Amino acid sequence: MNALVAFLSDLTGLEGVLPLSMAYAVCIGSLLGFITVYAMFAIWMERKVAAHMQVRYGPMETGGWHGWAQSVADALKLLFKEDIFPSQANKFLFAIAPAVVFCGVFAGFIVIPFAAGIQIASLNLGVFFLISIAAVEVIGVIMAGWASNSKYSLFGAVREAAQVVSYELPSATALIGPILIVGSFQLGDFNTYQANHGWLILHNPFMPVAALCFFISSLAGCKRAPFDLPEAESELVSGFHTEYSGMRFSFFFLEEYASMFVASVLMATLFFGGTTLPFNIGDIGNWATYAERAAAGEPSVISGIGDFLRTHLGIVVLLLKTFFFIFIQMWLRWTLPRLRVDQVMALGYKYLLPWGLVTVIGTACFEAFGWGWLPH
Amino acid sequence: MEALEMYTVDDRDDVYTEELKLNLGPQHPSTHGVLRVELAMDGEIITRSRADIGYLHRCAEKIGENVSYLQFNPYTDRMDYLASMNNNLAWSLTVEKLMGTEVPERAQWLRMICAEMNRIASHLIAFGTYGIDIGANTPFFYAFRERESIMTLLERPSGTRMLYNYIQPGGLRRDVDDTWVADVLAFCDDFEKRWAEYNTVLSHNRIFIGRTANIGVIPKDMALDYGLTGPVLRGSGVKWDLRRDVPYLKPYDEVDFDIPVGEGTHGSLGDCWDRYWVRMREMMESIRIIRQGCAALPGGEVMTKKQKSMYKTPIKPEKQNVYMRCENPRGELGFFVAAEGGTSPVRVHARAPSFCNLSVLDALLPGTMLGDAVAVIGSLDIVLGEVDR
């Protein structure tokens with residue numbers, strides 16, 4: 001962000017608020033663009049994954065090649081649909097709920113380090129910020145459920161509140177282990193640490209458990225099957241967004257896919273090396289290398305291009321890992337039946353939370369005594 | 001019927017809690033049609049329920065009293081539209097009992113094969129939609145793949161894919177073609193492999209068992225008291241199957257098959273999983289029956305000579321009351337007919353298995369959760385076309 005402000009101020013020769021607001025606009029615009037394009041791709045991917053698991057092809061016509069433009073067409077359709085308010089709904093809450101839901105996830109994107117240096121805000125409390133800002137979504141869902149004035153929506157909203165709030169505990173405890181090892185909340189530090197010390201999932205015996213706990217609780221946090229109770233189609237019609245249509249509905253949809261991305265990125269960054277590869281091919285995605293070399297007075301074109309490629313390879317590596325976890329989420333959704341409300345709660349409190357705490361204590365001991373599978 | 005009244009759950013000075021009335025249906029993804037269930041909810045827990053039926057009432061019985069005996073046959077297709085062959089069979093047997101008609105041997109065997117194939121198709125829908133009720137969408141597509149094969153096979157002799165009107169009083173409308181039997185046997189081979197797939201993806205899934213075991217338990221006595229039949233009765237451990245106990249087709253006496261009953265594998269006897277598992281195993285028993293039927297299929301006519309004349313001049317049975325019942329995929333389908341010598345009966349009544357099985361719903365729901373309500377309705381495997389008729 002600071003680099004971007006400096007760059008813009010150099011480019012335009014302006015000082016003060018103007019380059020800052022320009023930088024904000026650039027960041028927000030690029031993030032919105034990224035999320036929209038990603039969500040369209042992910043929705044298309046989900047339809048394809050589901051179709052092939054269900055012995056069919058999925059969209060094949062729109063756009064020509066394997067129906068690639070189906071999501072674009074759907075988005076356009078949703079855009080042009082009439083904005084319907086139920087007559088007994090609380091109009092104000094009903095209208096802003098999708099925005100509130102989306103804002104929570106959108107804000108989470110600003111701390112994601114796509115590569116070293118490609119991060120909008122490098123917060124000291126990055127992980128903490130991500131977990132807490134994701135909880136804003138619950139407020140929006142409750143607003144939507146209550147404002148719809150539909151019993152199914154209300155049931156969905158109450159289920160969402162109970163589920164997401166409960167699963168924040170195990171997911172947060174599962175993240176304490178990696179934080180203890182790295183000694184930082186800053187998401188960028190995880191990339192640097194894992195570039196030097198190897199992937200955190202292999203760090204000690206408790207890390208795979210923590211990764212599994214986090215993955216399962218992140219499924220619940222994203223309302224993905226088998227935890228899709230807030231929108232359980234066979235029980236609650238569509239759950240909290242039963243009464244929504246058109247663009248407002250698509251915001252809930254966008255939010256679901258965006259939160260899948262955030263959860264998968266966290267999974268990749270905190271346990272699976274982030275932008276690094278498991279084998280060493282140099283310092284991937286390190287802007288600093290380029291800066292250091294420039295400072296040392298050896299900026300050759302070749303090394304510049306090489307660094308550029310490496311940086312982008314870092315992004316590619318991260319995105320590949322992320323999409324791998326997104327694929328697993330889809331895989332589970334089209335394979336597993338749905339849990340019941342009490343079973344969801346039991347799983348969270350009886351299994352995931354204790355196991356999460358075990359990983360915290362275990363990792364703390366291992367760190368204190370310097371044990372583990374990988375060098376510290 | 002009166003609407004369900006909501007009670008106050010907790011009425012203290014500071015807390016005032018009332019039951020929430022939830023309308024499950026008539027338009028709802030998992031009431032299997034247009035069933036409406038009024039639920040009194042205390043949070044997620046159902047305190048009382050009341051099933052409200054009649055949204056698909058089409059006066060089938062009254063129509064039966066206004067058309068000739070043979071003309072009513074296609075209307076029976078539309079009752080349990082997922083098992084048209086079996087409905088046709090029940091009505092044809094009723095009319096044959098009225099007239100004392102003897103059906104040719106080949107027609108009887110083909111009737112059995114077709115009825116069992118339709119039973120598999122019907123159970124496949126029960127299996128697939130039950131998966132969707134529990135939240136697993138994929139089994140549904142697997143089930144429809146095999147159902148498609150059955151529909152294609154049944155289309156060849158009957159000309160239609162769903163509402164066959166193939167089994168008719170006096171025999172069958174048409175004989176099957178030369179390669180039909182071989183294709184049916186090929187389907188049987190294929191289906192056995194697919195059946196193993198279903199169990200991998202759904203039957204033995206831990207979450208699925210967790211959702212269905214110990215839910216909607218119908219003890220033996222209760223099942224008998226409510227007059228339940230079919231897989232719902234057998235799921236409770238009662239070994240009662242008309243195919244074995246009251247063979248309404250001669251071939252059922254000659255083929256060898258088991259009657260699966262619930263065993264309480266994952267919990268109490270008579271829970272949703274037991275009913276589900278009975279249906280799954282019945283599919284395999286049907287495959288056994290079809291195999292034996294195909295092997296023993298005799299040649300000859302498929303229609304009585306007398307029946308051919310029935311279409312020229314409508315039959316006029318003597319004054320008598322007749323009741324005939326068949327083992328449908330959903331239970332016992334019985335037709336009561338009062339004839340008084342005219343071209344149409346004076347009274348037709350259908351004892352629809354779904355209707356009788358649905359009666360137990362209100363006794364099962366209280367105390368369960370909203371998600372269980374869906375599981376229980378699905379495990380009863382009702383077809384609203386048959387409930388309302």
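The shown structure was predicted, so the numbers you read here are calculated from the model rather than taken from an experiment.
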Largest heavy-atom contact set with chain A, pairs under 4.5 Å, which of B:Leu22, B:Asn23, B:Ile132, B:Leu370: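 Option with the top pair count is B:Leu22.
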Residue selection (most heavy-atom pairs with chain A, distance under 4.5 Å) from B:Val201, B:Leu202, B:Leu20: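 Going by pairs under 4.5 Å, I would pick B:Leu20.
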Atom group of [X] that falls short of 4.5 Å from chain A, counting heavy atoms:
X: B:Arg145; result: side chain
X: B:Ile45; result: neither
X: B:Ile134; result: both
X: B:Leu24; result: both
X: B:Asn205; result: side chain

Contacts of type side-chain contact (heavy atoms from CB on, under 4.5 Å), residue A:Ala162, not counting sequence neighbours: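 Residues passing side-chain contact (heavy atoms from CB on, under 4.5 Å) with A:Ala162: A:Met345.
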Polar side chain donor-acceptor pair, B:Glu146 to B:Trp195, under 3.5 angstrom: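 Per modelled atom types, B:Glu146 and B:Trp195 side chains form no pair under 3.5 Å.
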Donor + acceptor pair across side chains of A:Tyr152, A:Glu243 (<3.5 Å):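 No pair is found: no donor N or O on one side chain lies under 3.5 Å from an acceptor on the other.
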Non-hydrogen atoms of B:Thr47 and B:Pro366 that approach each other most closely: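 Taking every non-hydrogen atom into account, O-CB, 3.2 Å.
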Cationic N near anionic O, under 4.0 Å, B:Glu386 to B:Arg330: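 No.
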Atom CH2 of A:Trp44: over 12 foreign heavy atoms under 6.0 Å: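 Yes, enclosed.
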